[in-house]
Each structure stands twice: as C-alpha cells, then as structure tokens.
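Before any comments, here is the structure.
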Amino acid sequence: VSQIQASNGKLVGTWTAATDAEGVLVAMGKIFVTGLFGLASPSNLYELDPTQAPGAVTLLTSALGGDAFSLAYDGQRIWTANGAGSVSIVTVNPVTVTNVSTGFSQPVGILFDGSNIWVTDSGDSKLKMLDASGNVLLSVGVGGGPSSPIFDGTNIWVPNRFSNSVSVVRATGAAAGTLLATLTGGLNFPFVATFDGERVLVTNNSGDSVSLWRASDLTPIGTFSTGMSTHPGGACSDGINFWITLNTAPGKLARF
Amino acid sequence: MKDRLRSATLLALTVIVLLLTSNRLPADTGTCGGAMTTLPFTDVMGNIFFCQIAEAFFSGLTNGTTPTTYSPNDFVRRDQMSAFVTRTQDSALRRGSRRAALGQWATPTALPLTGRIFLSGAVFTMASDGPSIWVANSQDGVVTRIDASDLTGNRGWGNATNAAGVLVARGRIYVTGQTNPGNLYVGDPSLASCCPSPPIDTLSNSLGAFPMGIATDGTYVWTANEGPPGSVSKVDPDSLSHTTITITTGFISAIGIIFDGTNLWVTDVGDSKLKKLDSTGMGTVIQSVSVGSTPRFPVFDGSSIWVPNESDNSLTIVRARDGMVLATLTGNGLNGPVQAAFDGERILVTNEIGGNLSLWKAADLTPIGSISTGAGTHPFAACSNGINFFITLLNPGNNQLARF
C-alpha cells in the first residue's frame with residue numbers, strides 16, 4: 001500500500017504484507033485495505049497507521065466474505081462488499097465480523113451516504129440500500145454489471161460495465177431510490193466513479209478514457225483519452241484533482 | 001365472434017399496458033449542455049428555463065408539484081421559497097465541502113481511539129492553516145506545527161512563555177503569551193524547525209494583562225486580555241516599533257475574540273456579554289449582547305457568532321449583522337462548553353466537564369449529536385481545517401491532540 005503526496009506526486013512510503021490488496025478506505029485516522037483470494041476463500045482486512053513509519057500492515061481479520069472488493073465507513077463500523085455474495089460488517093475495537101449473505105448475489109461497490117449503506121450487486125444488476133444490520137431495504141434496477149459507485153451529496157452514480165451506461169439514482173429525501181437518468185455516450189466498460197465536489201468522473205476500462213459530467217445537472221463535460229492500452233481502473237479525488245490508476249506495465253498513477 | 005373478442009381483449013390489454021407504462025415513462029425532453037435530457041414532467045417541454053428546471057430536479061432542489069408536473073407558471077409561496085432556498089444552500093454546502101470530494105460522509109459516533117497523538121503539555125487553543133495545525137503548548141512554551149493528514153511533525157519554536165492563543169494570518173503564526181504585561185509572539189512558518197526549535201520572536205511585550213484570545217482585522221492583531229484589568233490590545237505588526245495600544249474601557253475580563261469581516265467581537269466573562277467593537281480600529285465597545293454565564297471562545301460561521309457559555313451549559317447564537325440573539329441552545333450534551341469551531345458546515349463545541357463534543361448543523365441550528373471523548377479526557381481546544389475537526393484533550397500526563 002503506497003502513500004503518494006498529492007501536491008507533487010512523490011512516493012511518501014510503502015507498507016508491505018498487504019497480500020492481494022484491493023479496496024482502500026480512509027477512516028478513523030487509519031487506512032484500511034482489503035485483501036482478497038478468490039470467491040471460495042475468506043478475505044482479509046488490513047490496517048495501517050499513517051502516523052507511524054512505513055512497515056508491515058496489521059492484519060485485523062481473515063474472516064471477511066470472499067472477494068472483498070471495496071469498503072465503506074458508517075461512522076461506527078467498516079463495511080465491505082464481497083463478490084462471493086455477501087457484505088461484511090466489521091467493528092474495529094474490538095474486532096468483530098458479521099457476514100450477511102441474504103439478499104446479495106455478487107456485491108462489488110459500496111458507499112455510505114450519511115444515512116444508509118448502498119451496495120451495487122453485479123449478480124442481479126441492482127443498487128441496494130441497506131439498514132444498519134445489512135438487510136436490503138430497497139433494490140433499484142440499474143444497468144448490467146454495476147461496479148464502483150459514488151455519492152455526490154444528493155445522488156448516487158453507478159457505472160454499469162456491461163451496458164456501457166451510468167445510472168443516476170436519488171439517494172436522499174422522499175424520492176430516495178428513484179432512477180433519475182441513465183447516461184450513455186463515450187462509455188466503454190465504465191468501472192469506477194468519483195466526485196470532486198462539482199464533477200463526476202468515470203473511468204472507462206476498455207475505452208482507455210475517462211468521462212466527466214457536471215453533477216448538478218448531469219450534463220456531459222466530455223470524454224478524454226488516457227492513451228492507448230492504458231485501461232484506467234481506480235479513481236479518486238482530493239478535491240482539487242482527480243487521480244486515476246492506469247493498468248499498464250508498470251502501473252501508473254495519473255493526475256487529471 | 002371469437003376474432004372480435006380476441007381483438008377487443010388485445011385492445012383492452014394494450015390500453016392497460018399503455019396506461020400502466022405511461023406513469024413510469026419519462027415525459028418531456030430538451031437539450032442541455034449538448035445532451036438530450038429527459039424529465040418526468042409533462043409541462044416543461046420547450047420552456048426557456050427547461051435546463052434550469054432539469055438542474056433543480058437533478059440536484060434535489062425540487063421534485064415538482066406532482067410526480068409528473070412541475071407547474072412552471074405557478075407562483076411560489078413564501079413557505080415554498082424557504083424550502084427552495086434552504087435546499088439550495090444545504091446542497092451547495094454539502095457538495096462544496098472538501099469532505100464531499102474525499103467521500104467523508106460519515107460522522108463518527110465516538111471519538112476514534114486512532115488518529116490521536118500525545119502532547120507534552122496542555123494546549124488551550126490552536127489554529128489551522130489548512131494543511132497544518134499549529135498548537136501552542138503553554139506548559140513547555142513551544143509552538144508546533146502538526147501535519148493535519150497524518151498528525152506527524154515537531155517543527156516549531158520555543159521560548160513562547162505561557163503560549164496561549166494562536167492566530168494564522170499574513171503568512172505568520174501569532175501567539176499570545178499569558179503574562180502580565182502580556183506578550184505577542186510571531187513565527188515565520190518557513191523557519192520553523194526542530195530539534196532544537198529556535199526561539200520565537202517577540203513582537204510586543206506590552207499587551208494588557210494575561211492575553212488569551214487573538215484575532216486580526218486584516219491590518220492589526222488584536223488580543224483579548226483577561227486581566228485584571230480586562231482589556232483588548234491592538235498591535236500594528238507592520239510598524240517598526242510594533243505600536244501596541246491597550247483599551248480597558250468597557251471590559252472586565254475579556255477572553256475570546258473573533259473578527260466577522262467588519263467588526264471585532266469580544267466575550268467578557270466579567271459581565272457575561274458579547275461585545276462588538278467599532279469598525280474604525282479604536283477598540284470602542286459599540287454594542288453589548290447578553291449571553292450565558294462565563295462566555296468563552298466563540299466562532300463565526302459567516303452569519304452568526306456561536307458563544308459557548310461554560311457555567312450555564314448553553315450556547316448563544318448571535319447574528320453578527322445586528323447583534324440579535326437568534327437562539328440559546330441547551331442539551332445536545334452541553335456540559336462545561338468552552339470552545340467552538342466551524343468546518344464550513346457544522347459547529348463543534350468542546351465540553352470540558354462533560355468529556356464530550358457537541359455538533360450542530362450551522363445552517364438551521366439543528367443538533368447533530370454528542371460524541372464522548374472518554375472519561376477524564378477534558379476536551380478543550382478546537383479548530384478545523386475544513387475537512388476534519390481537531391481537538392485537544394487535557395489530562396495531566398496524557399495530553400492529546402485528536403482528529404474527529
């Protein structure tokens with residue numbers, strides 16, 4: 001797990017022993033990372049303390065559901081979306097794990113909107129709103145293969161890998177769960193969405209590009225090439241720039 | 001006959017299907033930003049404000065008058081206007097916060113045990129310049145920069161005797177020294193270092209007695225001096241002699257001081273007032289607002305001043321424009337409130353006696369909740385860098401800086 005300085009792109013430090021590191025979460029002053037080993041094997045949850053010098057990460061638990069792709073924090077507990085068909089709810093101090101499989105087929109992405117946890121389920125192409133125990137309260141039909149969504153303060157943007165679309169779903173208020181729009185154009189295996197406070201960016205893993213929209217009115221800003229065979233994957237924002245990972249050899253981190 | 005029946009049945013089914021699906025199908029369309037936009041409303045097609053209506057709908061500012069109508073030609077009542085205006089403000093604040101871009105939508109239900117560092121002494125106030133937190137350690141007389149991201153760092157200055165209030169302004173760090181007469185220290189962040197830390201410069205050694213709070217009006221540095229006698233001091237940092245003027249008239253025991261963009265405001269624990277000073281830099285009290293008992297360190301949220309009243313466990317909200325008391329808040333865990341901080345959206349108050357933090361939404365004064373910091377922790381100082389709140393926990397031998 002590497003820490004990069006956002007202002008100058010320099011490598012600050014690298015923590016080791018995070019075998020098959022996948023999802024990353026910043027919460028409670030620490031960095032939490034999932035490690036996954038396939039559908040049939042439980043996944044790991046690692047923790048590192050950024051106030052300490054880089055070293056080996058700490059293994060918190062090996063009892064997450066299989067294929068723990070992504071994480072979210074609800075202010076009290078850490079949640080993971082597990083591709084093998086469950087979500088895990090983790091308390092950190094002391095460490096306890098509750099795996100919930102009812103209602104899930106192939107969870108991929110997970111986020112917290114300030115009130116509820118939402119999970120994308122690639123198995124049945126649904127965006128699912130959960131209660132505090134992990135029960136599905138609401139299921140919203142989205143496109144095929146929904147992956148890593150983002151919450152923009154009002155709506156949830158869901159990239160749908162198999163249908164080359166982005167579903168925009170109202171998260172809050174009386175209209176929570178309403179599908180507002182299905183955006184298309186320029187999308188090619190859209191994978192991860194992120195938000196910079198004004199714009200939403202989606203990585204197009206097969207299209208070697210990123211697509212941007214204005215969050216307030218869903219109007220497109222454009223689709224921008226990341227270069228041939230760059231396969232952009234992960235994305236986040238620090239509120240100033242977008243950051244995307246390019247799955248090249250060697251892999252790259254790019255600022256946009 | 002059979003064919004007729006089949007046709008009639010098919011027609012009826014078709015009508016039923018059409019009726020059912022028509023409720024679900026989006027209605028009017030228009031072109032916004034070069035893209036086809038579809039809304040669920042049936043009365044906005046061709047409207048010259050179609051794209052603005054679309055933005056209001058997609059941003060959650062309005063859901064229309066019914067699921068399928070927007071009623072673009074209807075008048076807006078004052079109660080509806082309130083809903084539109086407040087939703088707009090809330091949405092802008094929520095999305096405009098740096099926390100939105102960082103995906104930090106959760107409010108911890110307890111102060112995390114992680115994200116803390118130990119401090120060598122008690123810290124009563126601190127300030128943020130964004131990337132860093134500057135803490136004044138009165139016990140050791142040191143002022144230290146701490147990285148807001150990972151809470152590391154020990155660069156700073158020493159010899160800041162009885163360091164108390166901290167101000168980040170004009171590219172410098174200003175610190176009050178609680179002595180009699182009081183001191184005003186200044187440090188250049190580019191020269192902060194360790195170890196050892198260089199001595200901090202003294203800008204003035206003639207402030208009023210025991211200065212605590214510190215603020216700037218853009219030209220002068222002002223301090224609130226507890227006394228006796230209570231006073232405010234004004235220092236011109238640009239003059240060669242760093243001219244210092246101390247005003248005692250109108251003050252009994254000044255503690256906190258803030259600038260609202262036009263006027264300075266001072267909390268006075270001597271008569272439980274919030275005092276507004278003239279805008280010409282004379283330090284004259286032009287308005288006194290009664291607040292709760294023992295008003296301590298207030299914060300300005302862009303509209304209102306939030307005053308924690310330590311002795312009566314309340315929070316007085318004063319409109320800066322005219323000094324009107326908008327509300328006196330109680331409950332929400334208030335127990336010995338001492339210091340308020342603002343992150344652009346929320347107000348945090350430290351409760352020294354209660355060992356907890358209280359949070360409110362600044363826009364409508366609604367409580368968000370009370371968060372324990374643990375038994376015997378005595379939370380005191382508070383500031384925000386726009387992403388997190390930072391607080392100090394005063395516990396002899398176990399002083400801490402914590403991120404929330």
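A note on names: the letters A, B, ... follow the listed sequences, proteins ahead of strands, and every chain is numbered from 1.
If you take CE on B:Met36 and CG on A:Leu183, they are separated by 13.5 Å, rounding to the nearest 0.5 Å. Rounding to the nearest 0.5 Å gives a distance of 9.0 Å between CD1 of B:Ile387 and CG of A:Asp238. Once rounded to the nearest 0.5 Å, the distance linking CG of B:Leu102 with OG1 of A:Thr194 reads 9.0 Å. With values rounded to the nearest 0.5 angstrom, B:Leu111 atom CG is found 12.0 Å from A:Met28 atom CE. A:Lys30 NZ to B:Asp150 CG: the interatomic distance, rounded to the nearest 0.5 Å, is 13.0 Å. Within the model, atoms OG of B:Ser149 and CD of A:Gln3 stand 6.0 Å from one another, a figure rounded to the nearest 0.5 Å.
Heavy-atom contacts from other residues, nucleotides or ligands closer than 6.0 Å to CZ of B:Phe84 number more than 12.
Interface remark: A:Asp113 contributes backbone atoms only to the contact with chain B (heavy atom separation under 4.5 Å). Residue A:Asp152 touches chain B through both its backbone and its side chain, counting heavy-atom pairs closer than 4.5 Å. Contacts of B:Thr152 with chain A are made by side-chain atoms alone, with heavy-atom separations under 4.5 Å and no backbone atom involved. Neither the backbone nor the side chain of B:Phe404 comes within contact range of chain A; no heavy atoms are under 4.5 Å apart.
For the set B:Gly153, B:Ala110, B:Gly60, B:Ala35, the count of heavy-atom pairs under 4.5 angstrom toward chain A peaks at B:Gly60. For chain B, the option among A:Ser237, A:Ser216, A:Gly29 with the highest count of heavy-atom pairs below 4.5 Å is A:Ser216. Among the candidates B:Ser97, B:Cys51, B:Pro108, the residue making the largest number of heavy-atom pairs closer than 4.5 Å to chain A is B:Pro108. Of the listed residues (A:Gly185, A:Ala174, A:Ala181, A:Ala215), the greatest number of heavy-atom pairs within a distance under 4.5 Å of chain B belongs to A:Ala215.
Annotation: side chain of A:Thr154 is in contact with side chain of B:Arg94 (closest heavy-atom distance under 4.5 Å). Residues B:Phe58 and A:Leu218 are in side-chain contact: their nearest non-hydrogen atoms beyond the backbone lie under 4.5 Å apart. Between B:Phe57 and A:Asp217, every side-chain heavy-atom pair lies at or beyond the 4.5 Å cut-off. Looking only at side-chain heavy atoms (C-beta outward), B:Asn63 and A:Arg170 come within less than 4.5 Å of each other.
Here the closest non-hydrogen pair linking A:Gly197 and B:Ala101 is N-CB, 4.2 Å. Across all non-hydrogen atoms, the minimal contact from A:Tyr73 to B:Ala106 is O-CB, 3.4 Å.
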